[in-house]
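These notes concern the structure reproduced below.
Everything numeric here is computed off the predicted structure, so don't read it as measured data. Order of the sequence lines fixes the chain letters, A, B, ..., with proteins taken first and strands second; residue numbering starts at 1 for each chain.
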Amino acid sequence: MADGQPQISLTFPDGSARHYPAGITPAEVAADIAPSLAKRAISAQVNGAHWDLQWPIPGDAAITLNTMKDDAPALELIRHDLAHVMARAVQELWPDVKVTIGPVIEHGWYYDFDRAEPFTPEDLGRIEAKMREIIAARDPVLTELWDRERAIRHYEQTGEPYKVELVQAIPEGQPIRMYWHGPWQDLCRGPHLQHTGQLPADAFKLMAVAGAYWRGDSNRPMLQRIYGVGFRTRDDLKAHLTMLEEAAKRDHRKLGREMALFHFQEEAPGMVFWHPDGWTIYRALEDYMRRRLTAAGYREIRTPQVVDRKLWEASGHWDKYRENMFITEIDEEHANEKRVNALKPMNCPCHVQIFNQGIKSYRDLPMRLAEFGSCHRYEAHGALHGLMRVRGFTQDDAHIFCTEDQIEDETARFIDLLSTVYRDTGFAKFDIKLSTRPEVRVGSDAVWDKAEAALEKAILKVRNDYEVDPGEGAFYGPKLDFKLTDAIGREWQCGTFQSASSAS
RNA sequence: GCUGCCGUAGCUCAGUGGUAGAGCACUCCCUUGGUAAGGGAGAGGUCGUGAGUUCAAUCCUCACCGGCAGCACCA
């Protein structure tokens, strides 16, 4: 504790306050309170921010000291440090490997490496063993603030081009933190544990290696990503692995085969062959949905599956979505040219055709048109996944034609309908995500302000929580996405609600 | 589409450069008052497709198709 510094006041969770010189670290605060706390402390919350024990506290603040008993910070630190320890292990085993990034994710972490040779499952075992050595070494974790030029020079000298790029990408004014886990160095915003020995050597496991694009950009190099899971105790790890085993037993692809509900085969990838029992379940669901839609004021319609390209050109799909569409060519007798049709990938253009028939009065609004629309999309091979991502499917789809004043109310009615459907089908809990205006969009800011506000107010009419996904809306309007959590904790994005306003 | 792995009996998988096996399931017989019971016999495979190397390929090489994990994509 340096003297001559201005004093700051730190407020503790119980409301008491202590005074210290500015720049004191949480580690020093903990030591001042009790030696046992100094030993048990792993990090702090300083004004709500997760704070490394070694980071100085510049001014008055609310402070909470975390120990391994504090779930969220403990797991974050464990997983974060395990990511670094894994990267160190990899570079100790293969010094020519280039390191990139390694964030914490749900249940664990990953780290992306650039290495010519692929990692094998056996390599994962070797890396785990090396990680245990590093943990056993109880190497101290140190942090320093460097200026940008020095950090860039350092990574140029050590031959880490990805790190150079990362340093360059750090916004002006943000600290550039250099961390050491023993002799091994990494760029990281932290915070971290105090030494590698604080990591539970028996509560982590390396799970898989897979490709991942550098910075998520498919035009950039593909790296190798190693996934790990980490917990506080061996029992927690075992519980997680058991959960995964249970999940595998409930995999709908496996159940579908075992119970003879449906199958797939090579001749129609991503398209379902429904067997009698499976189709019985399917129809029960569809019948239920039909009753609910009717009760909610929707009228059911049916539109064509194969439609001339002219309509898709008019709707803009031909331009922007053609590579995802199944196209058919027909030689018609006496015709000058082949007629080109496409299987509909979405229902919207067809629904608009029905709306456009005849003269409509504002008295007709809102008009709710629903269809169990049979759609086909040429999804990328790598994207297909059982019944969850397919090329041929029925979209339980509806379009609500209404006035601007009615948007909010119609949206709220929709959320309410969907909520009860999810509840009835066993998904009592779900999240709503509001995707707002993207960079590239049509319509004025005023229109977007209105549209976003209407959706937001509609959500609040029904419930009080939602997340915002900035910039993820469609080019023509904001949208709501509904995410379900299944019986074993996996998240799926299911329902979606998109708002579009026509210029007239 | 990209990276990696995989593609052998209905299912889960083993295997070898000289034209294939196990467990479960299936069929038949026997035993047994029982509920994934025991014993015996049996049926079932163009070893994803095509080309190449070879005297010879399920096994090696290449291409394609399909699947799995992840990434990208999801106007």
Side-chain angles (χ1 to χ4, degrees), chain A residues 100-101 103 105-124 206-229 244 247-249 251-261 263-271 273 275 312-325 342 344-349 375-391 393 395 433 435 438-442 469 471-477 479 481-483 490 492-496 498 500:
Chain A
T100 66
I101 54 165
I105 54 175
E106 194 179 18
H107 304 133
W109 74 92
Y110 66 75
Y111 205 113
D112 288 347
F113 300 97
D114 185 9
R115 179 189 180 218
E117 296 290 309
F119 290 111
T120 66
E122 294 73 52
D123 290 341
L124 295 189
L206 303 189
M207 303 298 284
V209 46
Y213 297 110
W214 169 233
R215 312 201 102 191
D217 184 341
S218 56
N219 297 312
R220 308 209 60 185
M222 176 144 297
L223 309 169
Q224 297 187 65
R225 175 171 297 179
I226 300 178
Y227 285 90
V229 293
L244 291 181
K249 286 182 198 165
D251 189 316
H252 77 277
R253 294 167 298 185
K254 179 176 147 82
L255 293 177
R257 189 170 51 236
E258 287 173 357
M259 301 174 76
L261 302 179
H263 85 272
F264 292 92
Q265 63 187 55
E266 279 195 30
E267 291 80 356
M271 317 244 188
F273 290 78
H275 296 214
W312 305 116
E313 283 168 353
S315 69
H317 288 82
W318 197 256
D319 252 6
K320 294 183 175 147
Y321 202 69
R322 187 174 7 159
E323 69 274 21
N324 289 301
M325 289 162 67
K344 69 174 170 189
M346 303 166 199
N347 301 303
C348 357
C375 296
H376 290 81
R377 299 179 185 175
Y378 186 80
E379 300 280 8
H381 298 77
L384 300 177
H385 180 100
L387 297 177
M388 300 307 290
R389 189 82 181 262
V390 288
R391 288 181 176 164
F393 60 100
Q395 191 172 43
K433 216 171 58 181
S435 295
E439 295 266 330
V440 181
R441 59 177 183 266
V442 297
D469 214 344
E472 288 302 308
F475 71 88
Y476 51 75
K479 62 176 183 174
D481 288 318
F482 298 83
K483 286 190 301 183
R490 289 175 295 199
W492 301 95
Q493 194 216 293
C494 291
T496 182
Q498 311 197 351

Original post:
With nearest nucleotides of RNA chain B determined for A:Gln498 and A:Pro269 from heavy-atom distances, which residue corresponds to the more 5′ nucleotide?
Top reply: A:Pro269
Subject >> A:His376 (side chain) donor-acceptor with A:Met325 (main chain) under 3.5 angstrom >> reply: no
Subject >> Rounded P spacing from B:A75 to B:U16 in Å >> reply: 48 Å
Subject >> Whole angstrom value for the distance that separates C1' of B:A75 from CD of A:Gln395 >> reply: 13 Å
Original post:
Is the side chain of A:Gln224 donor-acceptor paired with the backbone N or O of A:Ala210 at a distance under 3.5 Å, no angle test?
Top reply: no
Original post:
In whole angstrom, what separates A:Phe119's CZ from B:U3's P?
Top reply: 17 Å
Original post:
Roughly how many Å is it from CZ in A:Arg391 to C1' in B:G66, rounded to a whole number?
Top reply: 10 Å
Original post:
Which letters describe nucleotides 69-74 of chain B, given B = protein heavy atom under 4.0 Å from base, S = only from sugar-phosphate, - = neither?
Top reply: SBBBBB
**OP:** Using the P atom on both, measure B:G48 against B:C13 and round to a whole Å.
**Re:** 15 Å
Subject >> ring pair (Phe, Tyr, Trp, His ring centres under 6.0 Å) involving A:Trp312 - partner list, sequence neighbours excluded >> reply: A:His317
Subject >> Separation of the P atoms in B:G42 and B:U53, to the nearest angstrom >> reply: 42 Å
Subject >> Partners passing ring pair (Phe, Tyr, Trp, His ring centres under 6.0 Å) against A:Trp318 (at least two apart in sequence or in another chain) >> reply: none
Original post:
How many Å lie between CD on A:Glu267 and C1' on B:G67, as a whole number?
Top reply: 14 Å
**OP:** Answer yes or no: is there a donor N or O on one side and an acceptor on the other, between the side chain of A:Arg253 and the main chain of A:Gly386, under 3.5 Å?
**Re:** no
**OP:** Please report, rounded to the nearest Å, how far the P atom of B:U3 is from the CG atom of A:Asp114.
**Re:** 14 Å
**OP:** Output all residues satisfying ring pair (Phe, Tyr, Trp, His ring centres under 6.0 Å) with A:His275, sequence neighbours left out; order by chain, then residue number.
**Re:** A:His263
Subject >> Counterpart residues, side chain to side chain contact (heavy atoms under 4.5 Å, CB included), relative to A:Glu258 (two or more places apart) >> reply: A:Lys254, A:Leu255
**OP:** Nearest whole angstrom, please: distance from the C1' of B:C65 to the OH of A:Tyr378.
**Re:** 11 Å
**OP:** Dot-bracket notation for RNA chain B is requested: 5' to 3', Watson-Crick or G-U wobble pairs only, both distances under 3.5 Å, with ( ), [ ], | and . as defined.
**Re:** (((((((..((((.......)))).((((((.....)))))).....(((((.......))))))))))))....
Original post:
Does any pair with a residue in residues 218-227 of chain A pass salt bridge (Lys or Arg N to Asp or Glu O under 4.0 Å), and if so which ones, sequence neighbours excluded?
Top reply: A:Asp112-A:Arg225, A:Glu165-A:Arg220
Original post:
A:Phe393: what forms a ring pair (Phe, Tyr, Trp, His ring centres under 6.0 Å) with it, not counting sequence neighbours?
Top reply: none
**OP:** Just jot down the side chain to side chain contact (heavy atoms under 4.5 Å, CB included) partners of A:Gln493, sequence neighbours excluded, or say none.
**Re:** A:Asp481, A:Lys483, A:Thr496
Original post:
Taking everything shown except A:Met271 itself, do over 12 heavy atoms lie less than 6.0 Å from its CE?
Top reply: yes
Original post:
Is there a donor-acceptor pair closer than 3.5 Å between any side-chain N or O of A:Asp251 and the backbone N or O of A:Ala248?
Top reply: no
Subject >> A:Arg377 side-chain N/O to A:Pro345 backbone N/O, donor-acceptor pair under 3.5 Å >> reply: yes
**OP:** Using a strict cut-off of less than 4.0 Å between a Lys/Arg side-chain nitrogen and an Asp/Glu carboxylate oxygen, indicate whether A:Asp217 and A:Arg215 qualify as a salt bridge.
**Re:** no
Subject >> Separation of the C1' atoms in B:G66 and B:U49, to the nearest angstrom >> reply: 10 Å
**OP:** In whole angstrom, give me the gap between the P atoms of B:A57 and B:G50.
**Re:** 14 Å
**OP:** Provide the distance between the two C1' atoms, one in B:G18 and one in B:A72, to the nearest whole Å.
**Re:** 46 Å
Original post:
Given the P atoms of B:A51 and B:A56, what is the spacing between them in whole Å?
Top reply: 15 Å
Original post:
Quantified in whole Å, what is the C1' atom distance between nucleotide B:U19 and nucleotide B:U58?
Top reply: 9 Å
Subject >> A:Asn219 CG - B:U3 P separation (whole Å) >> reply: 14 Å
Scan nucleotides 44-46 of chain B against the protein and return all N/O pairs shorter than 3.5 Å with their distances rounded to 0.1 Å.
none

Subject >> side chain to side chain contact (heavy atoms under 4.5 Å, CB included) against A:Ala314, all qualifying residues, sequence neighbours excluded >> reply: none
**OP:** Treat primed atoms plus P, OP1 and OP2 as sugar-phosphate and everything else as base, then score nucleotides 5-15 of chain B 5' to 3': B for base contact with protein heavy atoms under 4.0 Å, S for sugar-phosphate contact only, - for none.
**Re:** ------SS---
